[in-house]
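As structure tokens, the structure follows; a few thoughts come after it.
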Amino acid sequence: MPDLFDPPALPRLAVTGSGDVFPVVRIFCVGRNYAAHAAEMGNEVDREAPFYFTKSPFALAPSGSTVPYPPQTDDYHHEMELAVAIGAPAFRIGPAQAERVIFGYGCGLDMTRRDLQARAKDKRRPWDLGKDVEGSAILAPLTRAADFGLPGDRRIHLSVNGAVRQDARLSDMIHDVPAIVADLSRFYHLAPGDLILTGTPAGVGPVIPGDVLTGRIEGLTDVRLVIGAPEAQG
Ligand SMILES: CC(=O)CC(=O)C(=O)O
């Protein structure tokens, strides 16, 4: 039977220093993984275990894009994050095995309709409309794990129009990368093409059309986003 339409190809990320590309199949995101961010949002952190939400891989936009200010929000926020790309199958692995299944790392932005997320939280509803926003997962080219090493306590920071807004250390994460990979592998058969955004540090805030965002993690390629004008109706 013929397909009724041509499905879109999976989005792909460039790999720094090579012609390789990494197809993105799923995007998992960790919530409240930095104590200072949880506090600024008025939340307690859960040190027992991470929690997750997801974004469609089709929410991905490459670094350097101009992405229109999205519909149905007046409070679109930046969230700078370390992204982890999975390169091998992993199911029910321990933290000690996590390194073996990590393909690489990248700088990512988890752009968020904060007003819709807040409304969802108030009504105890899922966060999809706040988080799974078209064009809201901005990813820089990946760096292979062998070229990056371990996340350690590298600086993670984001500036908007040159002014630093988020500034922290990867060691500030409550659940570190091996713990996150191991924990997620209890629930999912992780596989090549999975991407994990590991949570954002404090300093999140609103953006407006014309803003230029630059996110940096020592040792990785910067992520860059320009906020475009909202799209016209109709
Ligand atoms: C409160 C949030 O927006 C959750 C999140 O995306 C993060 O902590 O990162």
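Order of appearance sets the numbers: ligands from 1, and atoms from 1 within every ligand.
Connectivity analysis of hydrophobic side chains (ILVMFWY, heavy atoms under 4.5 Å, direct or indirect) links L195 to L13, V15, F22, V24, I27, L60, F103, L139, L142, L197.
Between Y76 and Y69, the angle of the ring planes goes over 60°, which puts this pair in the perpendicular group of the 30/60° scheme.
Atom CZ of R216 sits in a sparse spot, with 12 or fewer heavy atoms from other residues, nucleotides or ligands closer than 6.0 Å.
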Between ligand 1 and the protein, which N/O pairs fall short of 3.5 Å?
{"unit_1": "ligand 1", "atom_1": "3 (O)", "unit_2": "E79", "atom_2": "OE2", "d": "3.0"}
{"unit_1": "ligand 1", "atom_1": "3 (O)", "unit_2": "R114", "atom_2": "NH1", "d": "3.0"}
{"unit_1": "ligand 1", "atom_1": "3 (O)", "unit_2": "Q117", "atom_2": "NE2", "d": "3.0"}
{"unit_1": "ligand 1", "atom_1": "3 (O)", "unit_2": "K131", "atom_2": "NZ", "d": "3.2"}
{"unit_1": "ligand 1", "atom_1": "6 (O)", "unit_2": "E79", "atom_2": "OE1", "d": "2.8"}
{"unit_1": "ligand 1", "atom_1": "6 (O)", "unit_2": "D110", "atom_2": "OD2", "d": "3.3"}
{"unit_1": "ligand 1", "atom_1": "6 (O)", "unit_2": "K131", "atom_2": "NZ", "d": "2.6"}
{"unit_1": "ligand 1", "atom_1": "8 (O)", "unit_2": "R32", "atom_2": "N", "d": "2.7"}
{"unit_1": "ligand 1", "atom_1": "8 (O)", "unit_2": "H37", "atom_2": "NE2", "d": "3.3"}
{"unit_1": "ligand 1", "atom_1": "9 (O)", "unit_2": "E79", "atom_2": "OE1", "d": "3.3"}
{"unit_1": "ligand 1", "atom_1": "9 (O)", "unit_2": "E81", "atom_2": "OE2", "d": "3.3"}
{"unit_1": "ligand 1", "atom_1": "9 (O)", "unit_2": "T200", "atom_2": "N", "d": "3.0"}

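Taking both residues in full, the closest heavy atoms of H37 and T200 are given as CB-O, 3.2 Å, listed atom of the first, atom of the second, then distance. Closest heavy-atom contact between F148 and G219: CD1-O, 3.8 Å.
Under 4.0 Å is where a charged nitrogen must lie from a carboxylate oxygen, and between D122 and R119 no such pair does.
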